[in-house]
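So that the names make sense, note that chain A is the first sequence line, chain B the second, and so on, each numbered from 1.
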Amino acid sequence: MSKLAAGTGKGTDVLNSAMPYFRAISTRLITGVLVFLLVTFSATALSSLAPGSAAQLILGDYATPEQIAALNAQYGYDLPVWQRYLSWLGDLLRGDLGLTLFSQQPILGVVLERAAVTFEIAFLAMAVSLIGIPIAMYTASHPNKLADKVMRSISTVLLAVPTFVIVVLFSYLFAMVLRWFPATGWAKFTENPVANLWYVALPVLCLSMHQTAYLYRVARNEFVTTLQEDYIAVARAKGLPLGYILFHHALRPAMPQILTVMGLSLTYMLAGSFVVESYFAVPGIGWTILSAVKSHDIPLVQAILSLTVVIFVIVFMLVDLGYALIDPRVKVS
Amino acid sequence: MHPLAASASKNKGTGFLWRKEAKKMEKHMNNLTTTGKSRAARMGRAAALALALLGTSVFTGMTSSAFAQAEEKPVSGGEMTIIAGSDIKSWDPAVTSGTFPGGPMDQLDAVYGFLVYVDLEGKVQGGMAESLTSDDAKVWTLKLRPNVKFTDGNAYDAEAVVYNWKRAANPDTLAPAQPFVSSWIDGVKIIDPLTIEITLPTPNRNFGSTVAQSAPFVASPAALEAAGSDKAAIKPVGAGPFLFESWDQGISLSFKRNPDYWDQPRPYLDTLKFAIIPETNSRISTVVQGGAQMMAGYPYQFGANAEAPGVTTHEIPIPGLYRAYFNQVAGSFTDHRAREAFYHAVDPARLMQAYTQVDGYVTPTNYFTEASPYYQTEYTLPTYDPEKAQELFNELAADGKPFKMKLVTYSNSDLKRLASYLQQVLSAYENVEVELELVDQAMLKPQCQTQVNFDLCVDGGVLVANGAEPIISNLLKTGGVDNWGQYSSEAMDGYLNAANATMDQAQVKAAYTDVQKVVAEDLPLYIFGSETRYLLLRDNTGGIVPSNGGILQKQYLYVCEDACAAK
């Protein structure tokens with residue numbers, strides 16, 4: 001076989017091995033588009049069912065039903081749902097998300113700016129929650145010892161307490177009693193990194209508590225199971241240090257499960273951000289979408305939902321692909 | 001009781017202002033002896049109160065805000081953040097609502113300034129305008145201040161004011177005050193650039209206060225013209241104490257000092273911000289921690305946080321009523337016996353305790369509370385009497401009209417407690433059926449006001465009026481905008497008109513006494529509590545001058561370097 005033919009053969013092999021990934025990505029992207037359309041259409045439809053209207057809010061308490069109807073007509077809120085949806089979709093395809101209903105800020109800029117805030121909190125909360133993995137490694141390698149029992153109890157309590165309770169408790173303790181962190185507010189990282197970390201501390205701490213406990217429980221169970229495998233017994237018999245065994249032989253088999261939890265945790269982070277951002281007055285997308293729903297700023301709601309769907313589709317796609325990269329036994333299809 | 005307060009109490013009885021100041025003195029002095037405030041603050045307060053007492057005893061006509069100004073030493077510069085519970089929806093000067101501090105009207109006032117405002121004594125005072133006065137309640141004269149300009153350079157003159165009024169009177173503007181303004185807009189005459197004469201179709205003693213509370217803002221006609229019919233496109237161009245700087249929807253608004261403001265050296269602050277924080281506990285913790293200067297609320301919300309270091313409270317002594325609406329056109333409450341039975345069946349003091357989780361509330365005996373010049377003791381609302389209530393419920397059942405009530409309110413935790421308490425108490429009576437319906441806050445008005453789909457509708461918060469009007473007519477007059485139960489009485493309408501038509505205070509008082517007689521007879525509303533608003537604020541906040549039910553006049557606000565010497 002000539003070198004050229006050998007080269008071509010190698011290229012074909014690479015292409016063949018990459019094809020399942022392309023197919024998997026394409027399939028998930030198509031599914032993602034369908035989910036996107038369904039979610040954004042539902043948001044338009046549900047906005048018609050929400051009590052009150054933007055016109056009522058703009059005109060205030062003393063507006064007559066006729067005045068409210070007139071302003072709704074001016075905004076096009078009196079049009080059928082499908083017509084409003086198509087109009088919005090057309091604007092989206094043109095890359096024109098419009099302006100926020102009241103302050104007339106460009107929606108794209110508002111959404112990106114506030115998404116950056118939420119991502120920062122979610123990313124840092126995720127990073128903090130990773131501390132659950134080494135703790136799980138340690139307690140799994142010392143099952144039913146004091147540390148294991150204590151950690152299991154703590155994680156049970158943290159999982160049992162909802163985020164909104166943690167938020168109130170932490171705010172009272174750290175903001176009002178100890179005064180270590182601000183009760184509300186935000187500073188941009190680009191403008192003042194130190195102030196940014198000061199403001200972000202409490203929201204991150206609150207958001208990561210539940211997640212750390214969840215990640216710890218899952219990882220511990222995985223490690224306990226893995227550490228009972230024969231090949232671990234062989235590694236121990238060979239006299240390998242425990243740390244080496246944990247990181248080189250136990251971590252990888254546990255990763256698919258941990259990765260799944262981390263992927264799912266993003267949904268938790270976004271849902272949790274509604275509570276955390278509202279309570280700490282953090283200008284992220286959680287708080288923004290809540291206030292946009294209340295004030296019937298439908299274009300802003302649509303934009304945030306669109307971004308959320310896109311993020312979810314991408315994250316779940318990456319998690320699926322990650323399985324195959326971590327564990328060769330998993331086929332990409 | 002503090003000795004000074006005691007001496008103030010001894011001198012009660014020489015008129016309303018005496019009683020009021022003595023009460024204030026008693027309250028503040030007792031506070032001083034029980035709370036751990038700084039010595040400087042105590043001395044300052046004592047001095048301010050003593051002066052207030054002296055001033056009241058000789059009654060020079062100075063308002064309490066004037067006293068406050070005389071005592072305080074304003075500091076120029078600095079930044080202040082006021083917490084608001086909700087955001088504004090547009091900069092349209094004709095679309096205003098909400099008299100609470102930090103509310104939408106407060107935010108518009110920063111840019112536009114009040115044309116006139118109602119002070120703590122219920123008197124109309126000059127704001128952006130010099131005065132709005134009348135001798136006969138029919139012909140009113142608005143005098144404007146010379147050399148006032150909008151921030152776009154145009155004159156703040158009679159033409160600009162009339163332009164704004166005509167715009168508000170135009171139904172296309174969709175202004176809530178349109179019915180009010182359109183009723184007199186044809187009688188407006190520009191005398192000269194600084195004088196406008198308004199001839200009303202019928203005399204209205206409360207014309208000035210109604211302008212202050214319903215149509216107080218004047219924007220640059222050029223900015224309004226440029227926006228056309230698109231409210232969202234209106235740029236905030238006024239002549240008020242601050243210039244608009246930025247608005248991050250749902251998050252915050254920022255203003256900077258207007259260097260050309262007419263009342264120099266005011267405003268004192270360089271920067272004024274409103275932070276939008278809907279969650280009550282977050283608002284409180286933000287003030288306690290120093291993340292913002294102040295928030296509005298009620299003492300039962302503040303709890304022990306009012307005693308936190310560096311924090312104080314400030315009462316806005318304008319009473320407001322807790323009330324519920326009886327449906328007067330359908331259902332059980334169309335029968336007077338049902339309304340009377342309801343009053344007898346529920347102990348309002350216990351109801352307020354359930355609502356606020358604080359006891360000690362004094363139940364109002366009629367529409368006007370003891371703090372009002374129109375307070376009387378002859379005509380009172382039915383009191384708690386469970387036996388009488390059961391008799392009336394039995395009587396209704398015997399007549400084939402058993403008492404059935406759908407209670408509608410919105411789903412916040414305080415109102416849920418109130419609704420549950422009412423259901424629990426009423427269900428203990430025989431021949432009574434109670435149904436609860438908790439709706440979204442935004443749905444309360446459509447359901448109660450527009451659809452009249454309730455038997456008893458409870459709105460949250462208090463209804464505050466600095467002076468009787470326009471709130472009392474809105475509540476009790478046929479077709480009034482706040483008359484959700486659609487109560488209608490020719491006698492009531494006549495007495496309210498009579499109170500409006502004269503400048504003679506004795507005749508006004510007589511008319512309002514008649515109004516209270518009809519309230520006690522007809523029971524148009526369920527009145528169950530009264531309260532004043534409070535501010536929770538940092539103790540270095542100075543220049544608190546409330547107007548129009550609680551809105552702060554931003555030009556007076558300042559931040560002291562340390563705790564302010566006087567409040």
Side-chain angles (χ1 to χ4, degrees), chain A residues 50-68 70-71 74-75 99-105 107 110 113-114 167-168 171-172 174-177 179-186 199 275 278-284 287-292 294-297 300, chain B residues 81 83 86-92 95-98 104 171-179 214 229-233 246-253 275-279 281-292 305 308 439-447 449-450 474 481-482:
Chain A
S53 69
Q56 170 88 63
L57 291 168
I58 290 170
L59 296 175
D61 286 347
Y62 298 116
T64 63
E66 293 76 25
Q67 290 174 327
I68 292 166
L71 195 60
Q74 194 177 315
Y75 283 121
L99 303 172
T100 55
L101 197 55
F102 307 111
S103 61
Q104 299 288 288
Q105 295 165 273
I107 285 178
V110 169
E113 190 176 313
R114 297 186 186 181
V167 160
V168 174
S171 171
Y172 179 73
F174 293 112
M176 294 181 74
V177 178
R179 301 195 178 205
W180 289 353
F181 302 113
T184 57
W186 186 253
Y199 277 107
V275 177
S278 299
Y279 200 87
F280 293 111
V282 172
W287 187 20
T288 303
I289 199 167
L290 278 180
S291 62
K294 277 185 189 168
S295 59
H296 293 262
D297 194 339
L300 187 55
Chain B
T81 301
I83 301 179
S86 60
D87 206 350
I88 58 167
K89 303 302 176 213
S90 86
W91 290 109
D92 192 333
V95 179
T96 58
S97 66
D172 294 340
T173 305
L174 306 171
Q178 191 272 337
S214 302
S229 62
D230 185 0
K231 286 182 186 299
S246 65
W247 178 13
D248 202 0
Q249 187 177 305
I251 308 290
S252 63
L253 292 107
I276 318 295
I277 305 178
E279 171 58 43
N281 288 334
S282 303
R283 290 205 292 270
I284 292 170
S285 53
T286 303
V287 173
V288 168
Q289 209 201 29
N305 293 306
V439 299
D440 187 273
Q441 187 171 357
M443 276 307 287
L444 189 75
K445 204 170 168 67
Q447 176 150 353
Q449 187 195 36
T450 313
N474 288 344
V481 288
D482 290 324

S.K.: Please flag which part of A/Leu290 lies under 4.5 Å from any non-hydrogen atom of chain B: side chain, backbone, both or neither.
M.R.: neither

S.K.: Could you grab the distance from atom OG of B/Ser285 to atom CZ of A/Phe280, nearest 0.5 Å is fine?
M.R.: 8.0 Å

S.K.: Looking only at non-hydrogen atoms, find the nearest pair between A/Leu101 and B/Ala232 and report the distance.
M.R.: O-CB, 3.7 Å

S.K.: Test of understanding: with side-chain hydrogen bond (donor to acceptor under 3.5 Å, both in side chains), list the residues that count as partners of B/Asp92, not counting sequence neighbours.
M.R.: B/Arg167, B/Lys231

S.K.: Sort B/Thr286 into side chain, backbone, both or neither according to what part of it lies under 4.5 angstrom from a heavy atom of chain A.
M.R.: both

S.K.: Considering only heavy atoms, which portion of A/Tyr199 lies under 4.5 Å from any heavy atom of chain B: side chain, backbone, both, or neither?
M.R.: neither

S.K.: Do A/Ser103 side-chain atoms and B/Asp248 backbone N/O form a donor-acceptor pair below 3.5 Å?
M.R.: no

S.K.: Judged by atom type as modelled, is there a donor-acceptor pair below 3.5 Å linking the side chain of B/Gln249 to the main-chain atoms of A/Gln105?
M.R.: no

S.K.: Quick one: list whatever passes side-chain hydrogen bond (donor to acceptor under 3.5 Å, both in side chains) with B/Glu279, sequence neighbours left out.
M.R.: none

S.K.: Closest approach of B/Gln289 and A/Arg179, non-hydrogen atoms and distance?
M.R.: NE2-CA, 4.1 Å

S.K.: Any idea which of A/Ser278, A/Gly185, A/Ala175, A/Ala292 has the most non-hydrogen atom pairs under 4.5 angstrom with chain B?
M.R.: A/Ala175

S.K.: Between B/Leu253 and chain A, with a heavy-atom cut-off of 4.5 Å, which part of the residue counts as in contact: side chain, backbone, both or neither?
M.R.: neither

S.K.: At a 4.5 Å cut-off on heavy atoms, which part of A/Trp287 comes close to chain B: side chain, backbone, both, or neither?
M.R.: side chain

S.K.: Heavy-atom distances under 4.5 Å only: say whether A/Thr184 touches chain B with side chain, backbone, both or neither.
M.R.: both

S.K.: Look at B/Thr81, B/Ile276, B/Asp87, B/Ile88 and state which one has the largest set of heavy-atom pairs under 4.5 Å with chain A.
M.R.: B/Ile276

S.K.: For B/Trp247 versus A/Phe102, what's the shortest heavy-atom pair and its separation?
M.R.: CZ3-O, 3.2 Å

S.K.: Measure distances from A/Ala281 to the heavy atoms of chain B and classify the residue's part below 4.5 Å as side chain, backbone, both or neither.
M.R.: side chain

S.K.: Please flag which part of B/Ala275 lies under 4.5 Å from any non-hydrogen atom of chain A: side chain, backbone, both or neither.
M.R.: neither

